[in-house]
2 protein chains.
Amino acid sequence: MNMRTSRASATRELILTAAERLFAEHGVFAVSNRQVSEAAEQGNNTAVGYHFGTKADLVRAIARKHSGQIEGIRQRMVASLDERSDLRAWIACLIRPTTEHLEELGNPTWYGRFSAQVTTDPSLRQIMFEESRSSPSLVRITAAFNRLLPDLPDEVRAERRDMSRQLMVHMVAERERALADGTPTPRSSWRHTADGLIDALVGLWLAPVS
Amino acid sequence: MNMRTSRASATRELILTAAERLFAEHGVFAVSNRQVSEAAEQGNNTAVGYHFGTKADLVRAIARKHSGQIEGIRQRMVASLDERSDLRAWIACLIRPTTEHLEELGNPTWYGRFSAQVTTDPSLRQIMFEESRSSPSLVRITAAFNRLLPDLPDEVRAERRDMSRQLMVHMVAERERALADGTPTPRSSWRHTADGLIDALVGLWLAPVS
């Protein structure tokens, strides 16, 4: 990498970090590209436009950075399982890659609140889906659910997959927000937060269908 | 009510309906008060400011309108239960008031997507909490959970209450969005959506704590 591209890459990284933080704290739409450029200490307040493009492009770059790292953890976890692994082990592969990633980043993190907003926003939610659709490890997890819960009707399986995703995204955001605000959290660490979510999701997936 | 107040009240209603729809479809922050005034066919495009105040005041008025109606249904449901009622019956009181309210409104609805955004937004989420904190029926439901699940540690009860709320808000928004977009939904009606959520939440609440 020559000096020019290395500097551009450092600038991009500064912008990504500033944007993620401002979006988490104030809301993706409340913050302008100009404010992001200023917070990233770019003399030129059109830096976001120059390095990323639109707000949606910036959101995609943030999502991609984290989802790539989370996918890495998930692939290692999935690779350690086999046909004798139980439901709980596969559910853990849905939850722990994200909580481990946040644990590694160290407090404060912003990605949890960022993802919850992006997942909920009508114009941005597609970005999160595109980033996860291409995940090879999620395909393997889905196949394991099909194999382990053969009697669950397909539409209930789809519904519970969706429930698992919503719970993960929004409970992680809640905890991150509580940590940022200094309000009490039900669990003392990301690891134990994952334990609570996995317990609950095992019950949710095994619940009889009425 | 004289003609002047009756007209002001009709205008407020037009603005609330226009705002809810625009917020659901395009995002609470992507839509300006001016656009809401125009969509409500108010010649004066400062009508939102005049009748409500800020964006946050408008959001609160929308939330309050629906939460009042939902609380009415929930109070009737809670009144029909007693000490012999089981966990499933109490869980139903968390879910069915909202799904029945949406069913009564008839397709298309916007409140589901609106609430999911407001619950997730850093500057607006407090509004949703304030609207639900004052609910007498939710207090009775919480007491029933404490009575029926005495062995669950307090912090796990708090965590699962939060999970129940998150699941309800976001699964309802998902279904509403799918109906609006004409994409497939796992259930054929709001009533059956509630069945699926209640099944899942019974499993979630009864799940052993590891």
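Order of the sequence lines fixes the chain letters, A, B, ..., with proteins taken first and strands second; residue numbering starts at 1 for each chain. Source: prediction; values computed, not measured.
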>> Using a 6.0 Å cut-off, check whether atom CD of A:E41 has over 12 heavy atoms from anything other than its own residue.
In response: no
>> Closer than 3.5 angstrom, by distance alone: can the side chain of A:Q75 be matched with the main-chain N or O of A:G72 as a donor-acceptor pair?
In response: no
>> For residues 86-118 of chain B, give me every residue with a non-hydrogen atom less than 4.5 Å from any non-hydrogen atom of chain A.
In response: B:R88, B:A116, B:Q117
> Is there a side-chain contact (heavy atoms from CB on, under 4.5 Å) between B:R60 and B:F52 once you walk through the steps?
Replying inline: CA-CA 10 Å; B:R60 184 175 293 105; B:F52 291 94; over 6 Å; no
>> Checking the side chain of A:T46 only, and the main-chain atoms of A:G49 only, is there a donor and an acceptor separated by less than 3.5 Å?
In response: no
> Has B:Q126 got more than 12 heavy atoms of other residues, nucleotides or ligands less than 6.0 Å from its CD?
Replying inline: yes
>> Could you tell me if the side chain of A:D121 sits less than 4.5 Å from the side chain of A:V28, heavy atoms only?
In response: no
> Could you name the residues of residues 187-210 of chain A that have a heavy atom within less than 4.5 Å of a heavy atom in chain B?
Replying inline: A:R187, A:G196, A:L197, A:D199, A:A200, A:G203, A:L204, A:A207, A:P208, A:V209, A:S210
>> Within the 3.5 Å criterion, strictly below it, is a donor on B:H66 or B:E20 matched to an acceptor on the partner's side chain?
In response: yes
>> Do A:S85 and A:D82 make a side-chain contact, defined as non-hydrogen atoms from C-beta onward lying under 4.5 Å apart?
In response: yes
> With a 4.5 Å heavy-atom cut-off, do B:I141 and B:L138 have their side chains touching?
Replying inline: yes
> Using non-hydrogen atoms and a limit below 4.5 Å, what part of residues 165-181 of chain B faces chain A?
Replying inline: B:R165, B:Q166, B:L167, B:H170, B:M171, B:E174, B:R177
> By number, which residues in residues 151-163 of chain A have some heavy atom less than 4.5 Å away from chain B?
Replying inline: A:E155, A:V156, A:E159, A:R160, A:D162, A:M163
